[in-house]
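Note sheet for the following structure.
Sequence positions, counted from 1, serve as the residue numbers for this chain. No hydrogens, no waters, no symmetry mates; every other heavy atom, side chains included, goes into these values.
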Amino acid sequence: MREFDYFIERGSVEPQVTDYYGTLFEGRLLFSYGVYLDVRIKLGFGDRHQIDVWRYTFHAGITGTDDRTIFQYDNAHAYTQEGHPDPHHKHRFDPVTGKEITPPEWIGEANRPTLRSVLVELERWCLDHRHLLER
């Protein structure tokens with residue numbers, strides 16, 4: 001995360017619980033204009049006894065009278081009704097109204113996000129939507 005020191009104003013992602021099943025990392029990173037990223041990652045051992053990401057949620061938003069979501073990646077639940085073959089998906093929100101764009105976008109296990117890729121996307125979103133943040 002050091003590569004994003006210029007972008008992250010404060011906050012951290014730290015290990016919270018370690019048990020037989022793995023380690024949970026959680027935290028909130030704060031950026032300019034009230035933009036934040038809530039991170040929740042559960043690591044455990046995969047099939048080949050290698051560390052693997054079991055569950056994740058990356059929730060980007062803007063604080064205010066009513067917090068507004070920017071986007072959210074997670075694999076906490078499946079969208080079989082929409083035909084998603086696995087639970088890896090992205091919730092998208094209209095940047096002006098804050099309303100969710102449905103259905104969620106399937107991203108697939110092969111394209112599941114990393115903390116780095118989410119920080120790159122959030123930085124790009126902030127640059128592209130500066131006019132909405134400078135109110």
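Screening residues 19-45 for salt bridge (Lys or Arg N to Asp or Glu O under 4.0 Å) gives D19-K42, E26-R40, R28-D38 as the qualifying pairs, with residues at least two apart or on separate chains.
Nearest approach of F71 to F93, heavy atoms of both residues: CA-CD1, 4.1 Å. When all heavy atoms of V118 and P113 are compared, the closest pair comes out as CG2-CB, 3.6 Å. Between Y33 and I62 the shortest heavy-atom distance is O-CG2, 4.0 Å.
One distance of note links CD1 of I70 with CD of Q72; it measures 12.0 Å at 0.5 Å rounding. To the nearest 0.5 Å, atoms CG (L132) and NE2 (H129) are separated by 6.0 Å. If you take NE2 on H88 and CG on D74, they are separated by 10.0 Å, rounding to the nearest 0.5 Å.
Every residue two or more places apart in sequence or in another chain that forms a ring pair (Phe, Tyr, Trp, His ring centres under 6.0 Å) with F58 is listed here: Y56. In terms of the side-chain hydrogen bond (donor to acceptor under 3.5 Å, both in side chains) criterion, residue partners of R116 (sequence neighbours excluded) are, by chain and number, E3. Residues meeting the salt bridge (charged side-chain N to carboxylate O under 4.0 Å, His left out) test with D86, sequence neighbours left out: none. Checked against side-chain hydrogen bond (donor to acceptor under 3.5 Å, both in side chains), E109 has no partners two or more places apart in sequence or in another chain. The salt bridge (charged side-chain N to carboxylate O under 4.0 Å, His left out) check on D52 picks up R112, with sequence neighbours excluded. With sequence neighbours left out, the side-chain hydrogen bond (donor to acceptor under 3.5 Å, both in side chains) criterion links S117 to T114. A search for side-chain hydrogen bond (donor to acceptor under 3.5 Å, both in side chains) contacts involving D5 returns nothing, not counting sequence neighbours.
Hydrophobic cluster membership of Y36, counting Ile, Leu, Val, Met, Phe, Trp and Tyr whose side-chain heavy atoms lie under 4.5 Å apart directly or via other members: L30.
Side chain of R55 to backbone of N75: a donor-acceptor contact under 3.5 angstrom is found. Looking only at distances, a side-chain donor or acceptor of T63 sits under 3.5 Å from a matching main-chain atom of G34.
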Distance-only donor-acceptor hits, side chain of residues 6-15, under 3.5 Å, sequence neighbours excluded:
{"from": "Y6", "atom 1": "OH", "to": "E123", "atom 2": "OE1", "distance (Å)": "3.1"}
{"from": "Y6", "atom 1": "OH", "to": "E123", "atom 2": "OE2", "distance (Å)": "2.7"}
{"from": "E9", "atom 1": "OE2", "to": "S32", "atom 2": "OG", "distance (Å)": "2.8"}
{"from": "S12", "atom 1": "OG", "to": "E14", "atom 2": "OE2", "distance (Å)": "3.4"}

Counting only pairs under 3.5 Å, give me each side-chain donor-acceptor contact of residues 95-102, with atom names and distances, residues two or more places apart or in other chains.
{"from": "T97", "atom 1": "OG1", "to": "D94", "atom 2": "OD1", "distance (Å)": "3.3"}
{"from": "T97", "atom 1": "OG1", "to": "K99", "atom 2": "N", "distance (Å)": "3.2"}
{"from": "E100", "atom 1": "OE2", "to": "H91", "atom 2": "ND1", "distance (Å)": "2.7"}

Original post:
Yes or no on side-chain contact (heavy atoms from CB on, under 4.5 Å) for F25 and T18, after CA distance, side-chain angles and deciding distance?
Top reply: CA-CA 9 Å; F25 288 83; T18 299; over 6 Å; no

Subject >> From CA spacing to verdict: side-chain contact (heavy atoms from CB on, under 4.5 Å), L115, L37 >> reply: CA-CA 10 Å; L115 179 55; L37 178 65; 4.0 Å; yes

**OP:** Apply side-chain contact (heavy atoms from CB on, under 4.5 Å) to F4 and V120, showing your working.
**Re:** CA-CA 9 Å; F4 294 96; V120 167; 3.7 Å; yes

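Contact check for L119 versus F31: side-chain heavy atoms found under the 4.5 Å cut-off. Here the side chains of I41 and L24 are not in contact, with every heavy-atom distance at 4.5 Å or above.
Y73 pairs in a side-chain hydrogen bond (donor to acceptor under 3.5 Å, both in side chains) with only one of the listed residues (H59, E105, E121, H89), which is E121.
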